[in-house]
There are 2 protein chains.
Amino acid sequence: MSAEHRSPSEQQRAEARREQILCAAATCFRNSGFHGASIAQISKVAGMSAGHIYHYFDNKEAIIAAIVERDLEYLLTLSAELRAARDTREAMIEHVTEGVRRSLEPLEAGLKLEVVAEAARNPHVADIVRSADDVCRNSLAATLRAIRRADGHDDDDSAIASMVELLAAMFEGLMIRGIRNPQMDRAAVTRRFQATLRLLLTQGY
Amino acid sequence: MSAEHRSPSEQQRAEARREQILCAAATCFRNSGFHGASIAQISKVAGMSAGHIYHYFDNKEAIIAAIVERDLEYLLTLSAELRAARDTREAMIEHVTEGVRRSLEPLEAGLKLEVVAEAARNPHVADIVRSADDVCRNSLAATLRAIRRADGHDDDDSAIASMVELLAAMFEGLMIRGIRNPQMDRAAVTRRFQATLRLLLTQGY
DNA sequence: TAACATAGAATGAGCGTTCAATCTAGATCA
DNA sequence: TGATCTAGATTGAACGCTCATTCTATGTTA
């Protein structure tokens, strides 16, 4: 590869170009799905020729993989953030507000659902998704265990793992709810989610 | 129309043909997504020529709509069943086992996610999905209210609605969990879901 | 000039869809 | 009964188009 020969500004420029393509691809994938969106469409949104996209990505599959990774990266930093923050029950319950808001963000939810649907049939995408999920689960498990410990509960691994799955299902399911019932009362749901999380964190099991 | 001139066996045969096409389409859509699957593919699986499919469906979009309706019909009978059954807390908690099992059924979950992802961008599909969701929500709300009343709780509409959303999110989210973490401990998750439902049904709010 | 960025045309495959031609099975009639 | 008719079922080729991808030619810049 000739990456070493390129000047910093050239590398920067190339990186910007890649970003431009990924940004356009995300828009198109949201509107038409991975298979419904075409390279021609993406190139038009990105403001460059179709052929030129192939200077930055081997093929469409590589663009999809990059979009999936990008989407998950965000989730990873988020769970790391939650982990790094003070592991207090009330802080976590407070975080529910933002979690609900983001699950209901229509643009984000649409793309995330596209990613999961693709993971259900594309083994390469499934690998990326699953390894990111592993990291997130572990991070959330550590957070939950710390909070439960602080309240005097000593749960076994299976209890913590099932709590992780329940919480993940709640927020991931909320993305689906936002699509199936857009008129949902968000404030009421937020309160219900907070109350449920409080029960989970405080009750014996 | 000439439907009245046709003999019952002819109508039956035509219905069987339609079913054959829908069954093949469901398989193809699961494997490749709505846009990834082609009419040629579907016709091969259905064991008939590509052209012949157009005697039974106007176009591919109509096949998608039929698949979506079919998928939701199942959900409708299910929620009606739950409603018609004895509205007892423990019966409902018992039902969780089957709900979890079905949310984790990989074939069903894959297609359902495809439907939701399509609903996020296709207004026609969104309409079908939302009107089915309305019916299911109302049915579930009635069931929940009856159980809560029997336990002496008198919740307002917003409390019941948010409980409906939470439960729906849990089970719909579980479909996503099954894809993102196929190694999940199903028994532990079932127990956790049951315990959580019991808390929801019995606790004040 | 040399190397890379970029556009845009070319390619061949595959798409959804249409359609004329054939098959099939039951109705009609000799 | 056996021949003929007929209408729907079914096929497979063909259409026009769009797809992902490649190739070639032309800028651009250092």
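Keep in mind that this is a model prediction, so the values were computed, not measured. Naming convention: chains lettered A, B, ... in sequence-line order (proteins, then strands); numbering from 1 in each chain.
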Could you go over nucleotides 14-20 of chain C and give all protein N or O partners under 3.5 Å, atom names and distances?
unit_1  : atom_1 : unit_2   : atom_2 : d
dC15(C) : OP1    : Ser38(B) : OG     : 3.3
dG16(C) : OP1    : Ala37(B) : O      : 3.4
dG16(C) : OP1    : Lys60(B) : NZ     : 2.9
dG16(C) : OP2    : Ile39(B) : N      : 2.7
dT17(C) : OP2    : Tyr54(B) : OH     : 2.6
dT17(C) : OP2    : Lys60(B) : N      : 2.9
dT17(C) : O5'    : Tyr54(B) : OH     : 3.3

_Results of side-chain contact (heavy atoms from CB on, under 4.5 Å) for Gln203(B) - residues two or more places apart only_ = Leu199(A), Gln203(A), Leu199(B)

*salt bridge (charged side-chain N to carboxylate O under 4.0 Å, His left out) partners of residues 169-178 of chain A, not counting sequence neighbours, each pair once*: Glu172(A)-Arg177(B), Glu172(A)-Arg180(B), Arg177(A)-Asp133(B), Arg177(A)-Glu165(B), Arg177(A)-Glu172(B)

*Mind calculating the distance between CD1 (Ile53(A)) and C1' (dT21(D)) to the nearest angstrom?*
12 Å

*Assign Tyr56(A) to base, sugar-phosphate, or nothing according to its heavy-atom contacts below 4.0 angstrom with the strands shown.*
sugar-phosphate

*asked:* Counting C-beta onward and ignoring hydrogens, is there a side-chain heavy-atom pair between Leu144(A) and Leu200(A) closer than 4.5 Å?
replied: no

*With sequence neighbours excluded, what pairs up with Ala46(B) under the side-chain contact (heavy atoms from CB on, under 4.5 Å) test?*
Ala24(B), Met48(B)

*Return each pair, listed once, that meets salt bridge (charged side-chain N to carboxylate O under 4.0 Å, His left out) where at least one residue sits in residues 62-77 of chain B; pairs must be two or more places apart or across chains.*
Glu19(B)-Arg70(B), Asp71(B)-Lys112(B)

*Which nucleotide in the list dA5(C), dT10(D), dT11(D) gets nearest to the side chain of Arg13(B)?*
dT10(D)

*asked:* According to salt bridge (charged side-chain N to carboxylate O under 4.0 Å, His left out), who are the partners of Arg18(B), at least two apart in sequence or on a separate chain?
replied: none

*Any residue of residues 115-122 of chain A with a heavy atom less than 4.0 Å from an atom of DNA chain C*: none

*What residues form a side-chain contact (heavy atoms from CB on, under 4.5 Å) with Arg198(B), not counting sequence neighbours?*
Glu90(B), Ile93(B), Thr202(B)

_Rounded (10°) bend between the five-pair end axes of the helix from dT1(C)-dA30(D) to dA30(C)-dT1(D)_ = 0°

*Considering residues at least two apart in sequence or located in another chain, which fulfil the salt bridge (charged side-chain N to carboxylate O under 4.0 Å, His left out) criterion with Glu118(A)?*
Arg121(A)

*Partners of His124(A) by side-chain contact (heavy atoms from CB on, under 4.5 Å), sequence neighbours excluded?*
Glu61(A), Ala65(A), Asn122(A), Ile128(A)

*Could you name each residue pair satisfying ring pair (Phe, Tyr, Trp, His ring centres under 6.0 Å) that touches residues 30-51 of chain B, not counting sequence neighbours?*
Phe29(B)-Phe34(B)

